[in-house]
Amino acid sequence: MSHMTMRSAHVQQPSDLGARLRNDPAYGAYWLLRIGFVVLPLWMGIDKFAKVLNVNWPGYLAPWIVHLLPFSAQTAMYVVGAVEILAGILVALKPRYASYVVALWLAGIVINLLTYSGFYDIALRDFGLLIGALALARLAAKYDQAWTRVMRTHDEGAITE
């Protein structure tokens, strides 16, 4: 089967997608988690700049972290916001790999919150999100095609390795 034929075999028609979402619970869960881990980081990241939710984001940084920073806590939140926006975009593009990035990011947030008294409930919530990101990564291992190397031969054209 040529590279082009193999590639087109993975493209779902819109009607096929709807049927698959209804009939394959794991595929439905994959898409629910994927959408959630695109929207949530984008929303939280954008809010670090837009401040629509009226949250004091710098207040969530543990004091020991603020003391280590070479800039203000607000500047740190801008960096955090940029990383969250990037994470959301990466999950949209390639959840198979980006979900692990999100899980690591959430682990860092959990560690920060566990070292700052009064935020244990939020740390527990973010631990649940971390578990969700790992679940997305596992589902994406099945439903999101891995990156592959393409080898070119003179006789056959492009083939996937």
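Computed from a predicted model, the values in this text were never measured in an experiment.
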**Q** Less than 4.5 Å apart, any side-chain heavy atom of L136 and any of V91?
**A**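 Of all side-chain heavy-atom pairs linking V91 with L136, at least one is under 4.5 Å.
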**Q** Treat each ILVMFWY residue as a node, draw an edge where side-chain heavy atoms are under 4.5 Å apart, and state whether L93 and L86 are in one component.
**A**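 No, it is not one cluster - the side chains of L93 and L86 are not joined through contacts under 4.5 Å.
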**Q** Determine yes or no for a side-chain-to-main-chain donor-acceptor pair under 3.5 angstrom, with K94 supplying the side chain and Q145 the backbone.
**A**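 A pair under 3.5 Å: yes.
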**Q** Testing the basics here: between P95 and A140, what is the closest heavy-atom pair and its distance to 0.1 Å?
**A**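 So the two residues come closest at C-CB, 3.8 Å.
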**Q** Can you name the nearest heavy-atom pair linking K48 to Y78, along with the distance?
**A**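 Between these two residues, the closest heavy atoms are O-CE2, 3.5 Å.
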**Q** Can L42 be reached from L33 by stepping across I, L, V, M, F, W or Y side chains whose heavy atoms are under 4.5 Å apart?
**A**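 Linked, L33 and L42 end up in one cluster.
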**Q** Could you pull out the closest heavy-atom pair between A133 and V102, with the gap in Å?
**A**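 Result for this residue pair: CB-CG1, 4.0 Å.
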**Q** Counting only heavy atoms not in F127 (residues, nucleotides, ligands), do more than 12 fall under 6.0 Å from its CZ?
**A**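 Open.
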**Q** According to the interplanar angle, ranging from 0 to 90°, do the rings of Y27 and W31 count as parallel (below 30°), tilted (30 to 60°) or perpendicular (above 60°)?
**A**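 Y27 vs W31 ring planes: perpendicular.
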**Q** Compare every heavy atom of D47 with every heavy atom of V52, then report the nearest pair and how far apart it is.
**A**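 Closest approach of V52 to D47, heavy atoms only: N-OD1, 2.7 Å.
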**Q** Can you get from I46 to V55 by hopping between Ile, Leu, Val, Met, Phe, Trp and Tyr side chains that sit under 4.5 Å apart?
**A**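 Yes, because I46 and V55 connect within a single hydrophobic cluster, where side-chain heavy atoms sit under 4.5 Å apart.
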**Q** Test M44 against L53 for side chain to side chain contact (heavy atoms under 4.5 Å, CB included), laying out the working first.
**A** CA-CA 9 Å; M44 294 299 105; L53 296 175; 3.6 Å; yes
**Q** For residues L114 and Y120, determine if any side-chain heavy atom of one lies less than 4.5 Å from a side-chain heavy atom of the other.
**A**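 Yes; the side chains approach each other to less than 4.5 Å.
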**Q** Below 4.5 Å, heavy atoms only, C-beta onward: do I109 and Y60 meet side chain to side chain?
**A**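 Counting from C-beta outward, I109 and Y60 never come under 4.5 Å.
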**Q** Give a yes or no answer on whether the side chain of N112 reaches the backbone of A62 with a donor-acceptor pair at less than 3.5 Å.
**A**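 Checking the backbone N and O of A62 against the side chain of N112, a donor-acceptor pair under 3.5 Å is found.
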**Q** Can you find a pair of side-chain heavy atoms, one from Y100 and one from L134, that are under 4.5 Å apart?
**A**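 Of all side-chain heavy-atom pairs linking L134 with Y100, at least one is under 4.5 Å.
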**Q** Just checking W57: does its CH2 atom have more than 12 heavy atoms from other residues, nucleotides or ligands closer to it than 6.0 angstrom?
**A**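 Counting neighbours around CH2 of W57, more than 12 heavy atoms of other residues, nucleotides or ligands fall under 6.0 Å, so yes.
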**Q** Determine, step by step, whether L129 and L40 satisfy the side chain to side chain contact (heavy atoms under 4.5 Å, CB included) criterion, reporting the C-alpha distance in whole Å, the side-chain angles of both residues, the deciding distance to 0.1 Å, and the verdict.
**A** CA-CA 10 Å; L129 288 170; L40 184 65; 3.9 Å; yes
**Q** Spell out, yes or no, whether L68 and M77 are grouped together once hydrophobic residues are joined by side-chain heavy atoms under 4.5 Å, including indirect joins.
**A**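 Yes, it is one cluster - the side chains of L68 and M77 are joined through contacts under 4.5 Å.
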**Q** Using the rule that Ile, Leu, Val, Met, Phe, Trp and Tyr join whenever any side-chain heavy atoms are under 4.5 Å apart, tell me whether L104 and I89 fall into a single cluster.
**A**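 The answer is no; the residues belong to distinct hydrophobic clusters.
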**Q** Do you know which two heavy atoms are closest between V66 and A73, and how far apart they sit?
**A**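 So the two residues come closest at CG2-CB, 4.2 Å.
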**Q** Apply side chain to side chain contact (heavy atoms under 4.5 Å, CB included) to the pair V80 and W105, showing each step before the final yes or no.
**A** CA-CA 10 Å; V80 166; W105 184 251; 3.7 Å; yes
**Q** What closest approach, in Å, do Y116 and G59 show between heavy atoms, and which atom pair accounts for it?
**A**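 Minimum heavy-atom contact is CE2-O, 3.2 Å.
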**Q** Donor-acceptor check, side chain of S99 to backbone of R96, threshold 3.5 angstrom: yes or no?
**A**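 Pair absent, no side-chain N/O of S99 close to backbone of R96.
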**Q** In a check of side-chain contact (heavy atoms from CB on, under 4.5 Å) between Y30 and each of I35, D24, D144, L21, which one passes?
**A**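 Only one of I35, D24, D144, L21 forms a side-chain contact (heavy atoms from CB on, under 4.5 Å) with Y30, namely D144.
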